[in-house]
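Please read the structure below before turning to the comments.
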2 protein chains.
Amino acid sequence: MNNIQNILRNNKLSVTEGRKKILQLFLNTEGALAHSDIEKGAGENFDRVTIYRTLHSFVEKGIIHAIPSADNSIKYALCKDECGEGHHHDHHVHLVCSVCQKTLCLDEVVVPIVNFPAGYCIKNIEVVANGICKQCNS
Amino acid sequence: MNNIQNILRNNKLSVTEGRKKILQLFLNTEGALAHSDIEKGAGENFDRVTIYRTLHSFVEKGIIHAIPSADNSIKYALCKDECGEGHHHDHHVHLVCSVCQKTLCLDEVVVPIVNFPAGYCIKNIEVVANGICKQCNS
DNA sequence: CAAATAATTGCAACAATGTTGCTATTTTTG
DNA sequence: CAAAAATAGCAACATTGTTGCAATTATTTG
Ligand SMILES: [Mn+2]
Ligand SMILES: [Mn+2]
Ligand SMILES: [Zn+2]
Ligand SMILES: [Zn+2]
């Protein structure tokens, strides 16, 4: 029935107003959200600390993943399927659009195989592309 | 003769104590530096604001490049050759070592070609790998 | 369902990081 | 070396992130 409650329950998180509202925001939003986006979008009577803590536990549980950036503005987006507590498996590429400024998960674009010289042990790879998204390019 | 002075002069930056000291730090360091590393490494009597402004102008001139991260701790590393005012051409992969915590430019590992669906226009791609570096892995 | 227990929230206080305007100092130019 | 231009340091402020704790809310238990 209630999608949001289920997601929280399945991840052994108690169902609170804050978590529901933030998760709802992610489900309603195309593109990734920064902490500040949530602060604005989640209504006034929301403590910043709660948002930090909620984002942290969502990441920990594998509900959302963090997308790196080179300008101190981490964004977060919903994980798809197989992510769970402790292990993320988001093998897709991200796009930061220079026109609409959105950060998008391109689920259909898979992180390529990169050959490292002998001696390195690679755990995972993040790919962030800068460019123009489909919508803005037409 | 003086390598550091030349770099600054070639980039039309006046040669000041601050810039020399920060550039020296980069030249002496294996791995990328965060703002805080520079704050510690550059001596006490150094204004934080000067470091911010120096890093910004170095990036702008193509002397250093910023390396994205998912934990709000941008690092900077020296650019190699062809970077100049306005255009960076750092087509290498970065590695964040989970043991020594260093962020390394792997100049010999080139950013792979990624196929995007039609409609996107890609300007550049950042690749950051997490794993264990050669030194820590032996 | 109500009480007991467990978990989360908001608050306050604080630390760390980043920005801006202005003046004094330093660097470059001629 | 003097004049002009650029930079550094300072102060004040804004933004972002962290921690401890008491009050509130959610879950479990009987
Ligand atoms: Mn994603
Ligand atoms: Mn690099
Ligand atoms: Zn766009
Ligand atoms: Zn290492």
Side-chain angles (χ1 to χ4, degrees), chain A residues 1-2 4-25 32-61 63-64 66-76 85 101 103, chain B residues 1-2 4-25 32-61 63-64 66-76 85 101 103:
Chain A
M1 1 256 111
N2 190 332
I4 290 179
Q5 285 210 2
N6 284 346
I7 295 176
L8 293 174
R9 287 253 165 75
N10 291 341
N11 286 283
K12 293 178 193 141
L13 289 173
S14 42
V15 180
T16 67
E17 283 309 306
R19 286 174 180 165
K20 282 195 285 186
K21 200 176 278 183
I22 292 177
L23 191 44
Q24 182 74 69
L25 249 185
L33 295 170
H35 177 101
S36 64
D37 298 324
I38 297 169
E39 210 165 332
K40 288 161 199 150
E44 283 308 318
N45 41 4
F46 236 119
D47 200 274
R48 277 183 330 112
V49 178
T50 301
I51 299 176
Y52 283 113
R53 293 199 269 229
T54 303
L55 290 174
H56 285 156
S57 56
F58 282 8
V59 168
E60 203 176 348
K61 293 294 187 178
I63 299 173
I64 61 176
I67 303 167
S69 81
D71 69 334
N72 275 338
S73 65
I74 301 177
K75 302 221 170 154
Y76 299 89
E85 178 140 18
Q101 306 295 339
T103 295
Chain B
M1 1 257 111
N2 190 332
I4 290 180
Q5 286 210 1
N6 284 346
I7 295 176
L8 293 174
R9 287 252 164 76
N10 290 342
N11 285 284
K12 292 175 194 144
L13 289 174
S14 43
V15 180
T16 66
E17 284 308 306
R19 286 174 179 164
K20 282 194 286 185
K21 201 176 279 184
I22 291 176
L23 191 45
Q24 182 73 69
L25 248 185
L33 294 171
H35 177 101
S36 62
D37 297 325
I38 296 169
E39 210 165 333
K40 287 162 201 151
E44 283 310 317
N45 42 4
F46 234 119
D47 199 275
R48 277 183 333 110
V49 178
T50 301
I51 298 176
Y52 284 113
R53 294 199 268 229
T54 303
L55 290 174
H56 286 156
S57 58
F58 281 7
V59 168
E60 203 176 348
K61 294 294 187 178
I63 300 174
I64 61 176
I67 303 167
S69 81
D71 70 334
N72 275 339
S73 65
I74 303 176
K75 301 220 169 155
Y76 299 88
E85 178 138 20
Q101 305 297 337
T103 296

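These values consider heavy atoms only, across backbone and side chains, with no hydrogens, waters or symmetry-generated copies. Chain naming here is simple, since letters A, B, ... match the order of the sequence lines and numbering starts at 1 in each.
Across the interface with DNA chain C, nearest-nucleotide mapping of A/Arg53 and B/His35 shows A/Arg53 to be the residue nearer the 5′ end. The nearest heavy atom of DNA chain C to B/Tyr52 and to B/Glu17 marks one nucleotide each, and the one closer to the 5' end goes with B/Tyr52.
Looking at heavy atoms from C-beta onward, B/Leu13 lies in side-chain contact with B/Ile63 at the 4.5 angstrom threshold. Inter-residue side-chain proximity for B/Ile74 and B/Ile67 is flagged as unmet; no heavy-atom pair is nearer than 4.5 Å. At least one side-chain heavy atom of B/Thr16 sits less than 4.5 Å from a side-chain heavy atom of B/Arg19. The shortest distance between side-chain heavy atoms of B/Tyr76 and B/Ile64 falls below 4.5 Å.
Atom pair B/Tyr76:OH and C/dG18:C1' shows a separation of 10 Å (rounding to whole Å applied). Between B/Lys12 atom NZ and D/dT7 atom C1' there is a gap of 18 Å when expressed in whole angstrom units. Distance NE2 (B/His56) to C1' (D/dT7): 16 Å, rounded to an integer number of Å. B/Asn11 has its CG atom 16 Å from the P atom of D/dA6, to the nearest Å. Note: CZ (B/Arg9) to P (D/dA6) measures 15 Å, nearest angstrom. Atom pair A/Asp71:CG and D/dT15:C1' shows a separation of 14 Å (rounding to whole Å applied). Whole-Å rounding puts the A/Lys20 NZ to D/dT27 P distance at 9 Å. B/Leu55 has its CG atom 13 Å from the P atom of C/dT17, to the nearest Å.
Residue-level contact check: A/Arg48 touches the bases, meaning some heavy atom is under 4.0 Å from a base atom.
Which of D/dT27, D/dT16, D/dG9 sits closest to the side chain of B/Asp47 comes down to D/dG9. Candidate nucleotides C/dT28, C/dT19, D/dT7 were compared by shortest atom distance to the side chain of B/Val49, and C/dT19 ranks first.
Side-chain N/O atoms of A/Thr16 include none lying less than 4.0 angstrom from OP1 or OP2 on D/dA26. Using a 4.0 Å cut-off, some side-chain N or O of B/Asn72 falls inside it from OP1 or OP2 of D/dG17. The phosphate of C/dT8 has OP1 or OP2 within less than 4.0 Å of a side-chain N or O from A/Ser14.
Side chains of A/His35 and A/Glu39: a donor on one and an acceptor on the other come within 3.5 Å.
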